Student: 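Below is a structure I'd like to ask you about.
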Amino acid sequence: MKIAAVQMVSTPRVAENLERARALIGQAADAGAELVALPEYFCLMGQRDTDKLDAAEADGSGPIQDLLAATARERGVWLVGGTLPLRIPDRRDRAHNTTLVFGPDGRRVARYDKVHLFRFDDGERRYDEAATLMPGAAPVAFALTDRAGHTWRVGLSICYDLRFPELYRALCVPPCDLLLVPAAFTYPTGQAHWELLLRARAVENQCMVLAPAQGGRHENGRRTWGHSMAVGPWGDVLAVQAEDEGVVMASLDAARMAQVRAQLPALQHRVL
């Protein structure tokens, strides 16, 4: 099954970002992708952290969710909606940073709220997601059946989650075929750790990793690392885009996964 990671350089304007996302999803679908994944905050990279609270939607209703559902249906793809802010009932000061997945019929099939909230301070840049977000509480995986009738197990995660291998171990019981990591990694942390961690998660879990990212200089002054990437179950980088918007394509290969797991049966050797 062909899969695609969309890289974006999102702006503070939701409507503009939605149009760019729609066009890039179409590009991936035209190239044969059956699953298309958008990056974290594809819909908004605000001027202030609190901008996401203003753009947050109620669960199940809003222009961002409508766009995702409609585009999945129109293009006939499994669409992983990067992340968008979803409101928390009775809380105006916090939202969830949420991945929603829509099937080719436009129906929502999965929701994952980011569990690990990013904090970073190097004296020059400071980020604290907990100031505006509430963490999720549980890992989420879902099953999809491709056009050829093969069923794949897909695990969801978001950006900073990548640093916590125990999340992926939980996702991979039973084993996943594909792990998704929509992200907006900062430039310094991405330069140091992005590829290293993606390849480690693929090797540990002997499955494919697809990581769509924000990749460039944003209007708010932030620079994201980009390098949207597909990594195979042996830890090999199959495709990558360094910066700017674009589409990274790869193929899920059940035979290759089975080969890796047979020649090095690490998943069978787990004791914890």
Side-chain angles (χ1 to χ4, degrees), residues 8 10-18 21-22 37-73 78-103 105-121 125-142 154-164 166-168 170-171 180-186 212 214 218-220 222 224:
M8 296 180 66
S10 296
T11 76
R13 296 171 294 280
V14 172
E16 180 179 317
N17 297 326
L18 296 185
R22 182 193 289 272
L38 297 168
E40 186 179 29
Y41 293 125
F42 81 97
C43 55
L44 178 72
M45 290 290 281
Q47 296 287 0
R48 298 168 298 277
D49 284 347
T50 54
D51 288 351
K52 65 175 69 75
L53 300 177
D54 296 330
E57 297 184 350
D59 187 19
S61 175
I64 303 170
Q65 294 169 83
D66 291 346
L67 179 282
L68 293 171
T71 306
R73 184 175 59 252
W78 296 86
L79 182 57
V80 182
T83 73
L84 70 154
L86 286 186
R87 293 178 195 149
I88 300 171
D90 303 320
R91 292 294 300 264
R92 300 179 62 86
D93 61 334
R94 297 289 191 278
H96 283 303
N97 189 20
T98 300
T99 295
L100 298 178
V101 182
F102 294 85
D105 58 1
R107 296 182 186 178
R108 195 172 94 183
V109 298
R111 170 181 171 170
Y112 168 66
D113 298 328
K114 186 177 184 180
V115 169
H116 300 98
L117 301 184
F118 180 55
R119 183 181 298 170
F120 178 73
D121 187 348
R125 292 157 288 250
R126 183 179 183 276
Y127 304 97
D128 184 4
E129 288 188 320
T132 54
L133 297 176
M134 287 282 287
V140 175
F142 70 98
V154 182
L156 300 175
S157 64
I158 300 168
C159 200
Y160 190 51
D161 284 334
L162 184 58
R163 296 182 181 275
F164 300 89
E166 61 271 22
L167 172 67
Y168 298 91
L171 282 170
L180 295 171
V181 194
F185 252 59
T186 68
Q214 296 281 349
H218 302 269
E219 290 183 27
N220 61 10
R222 180 175 175 179
T224 45

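Everything quoted here is computed from the prediction, not taken from an experiment. The first residue in the sequence is number 1, and the count goes up from there.
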Student: What is the distance from atom NZ of K114 to atom CD1 of I158, rounded to the nearest 0.5 Å?
Tutor: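 Nearest 0.5 Å value for the NZ-CD1 distance: 6.5 Å.
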Student: Please determine, by modelled atom types, if S157 and Y168 share a side-chain donor-acceptor pair under 3.5 angstrom.
Tutor: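 Yes, side-chain donor-acceptor contact under 3.5 Å.
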Student: What's the shortest heavy-atom distance between L53 and T132, and which atoms?
Tutor: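 Shortest heavy-atom separation between L53 and T132 comes out as CD2-O, 3.6 Å.
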Student: Keeping the roles fixed (side chain from R92, backbone from R87), state whether a donor-acceptor pair exists under 3.5 Å.
Tutor: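 Side chain of R92 to backbone of R87, a donor-acceptor pair under 3.5 Å: no, none is there.
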Student: Side-chain contact, heavy-atom cut-off 4.5 Å: P212 with L38?
Tutor: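 When only atoms from C-beta onward are counted, L38 and P212 do not touch, as no gap falls below 4.5 Å.
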Student: Counting only N and O atoms by type, is there a donor-acceptor contact under 3.5 Å from the side chain of E40 to the main-chain atoms of T83?
Tutor: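 Judged by distance alone, no pair lies under 3.5 Å.
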Student: Within the 4.5 Å heavy-atom criterion, are P135 and D113 side-chain neighbours or not?
Tutor: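 Result no, sub-4.5 Å side-chain heavy-atom pair not found.
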Student: With sequence neighbours excluded, tell me which residues meet side-chain hydrogen bond (donor to acceptor under 3.5 Å, both in side chains) with H218.
Tutor: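 H218 satisfies side-chain hydrogen bond (donor to acceptor under 3.5 Å, both in side chains) with T224 once adjacent residues are dropped.
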Student: For Q214 and M8, work out which heavy atoms get closest and say how close.
Tutor: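 Distance-wise, the nearest heavy atoms are OE1-O, 3.0 Å.
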Student: If you compare all heavy atoms of R94 against all heavy atoms of A131, which two are closest, and at what distance to 0.1 Å?
Tutor: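 Smallest interatomic distance, heavy atoms only, reads NH1-O, 3.0 Å.
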Student: With rounding to the nearest 0.5 Å, note down the distance linking CZ in R111 to CG in D59.
Tutor: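 If we round to the nearest 0.5 Å, R111:CZ and D59:CG are 4.5 Å apart.
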Student: How about R13: does its CZ atom have over 12 heavy atoms from other parts shown lying under 6.0 Å from it?
Tutor: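 Check passes, neighbour count above 12.
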Student: Where the side chain of Q65 meets the backbone of E57, is there a donor-acceptor pair that is under 3.5 Å apart?
Tutor: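 It does not hold such a pair.
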Student: If I take atom CG from residue L84 and atom CG from residue N17, how far apart are they, to the nearest 0.5 angstrom?
Tutor: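 Result: 12.5 Å between the selected atoms.
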Student: Would you say the side chains of N97 and Y160 form a donor-acceptor pair under 3.5 Å?
Tutor: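 Judged by distance alone, the side chains do not pair up.
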Student: Can you tell me if CZ on R119 sees more than 12 non-hydrogen neighbours from other groups inside 6.0 Å?
Tutor: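 At most 12 heavy atoms, drawn from other residues, nucleotides or ligands, come within 6.0 Å of this atom.
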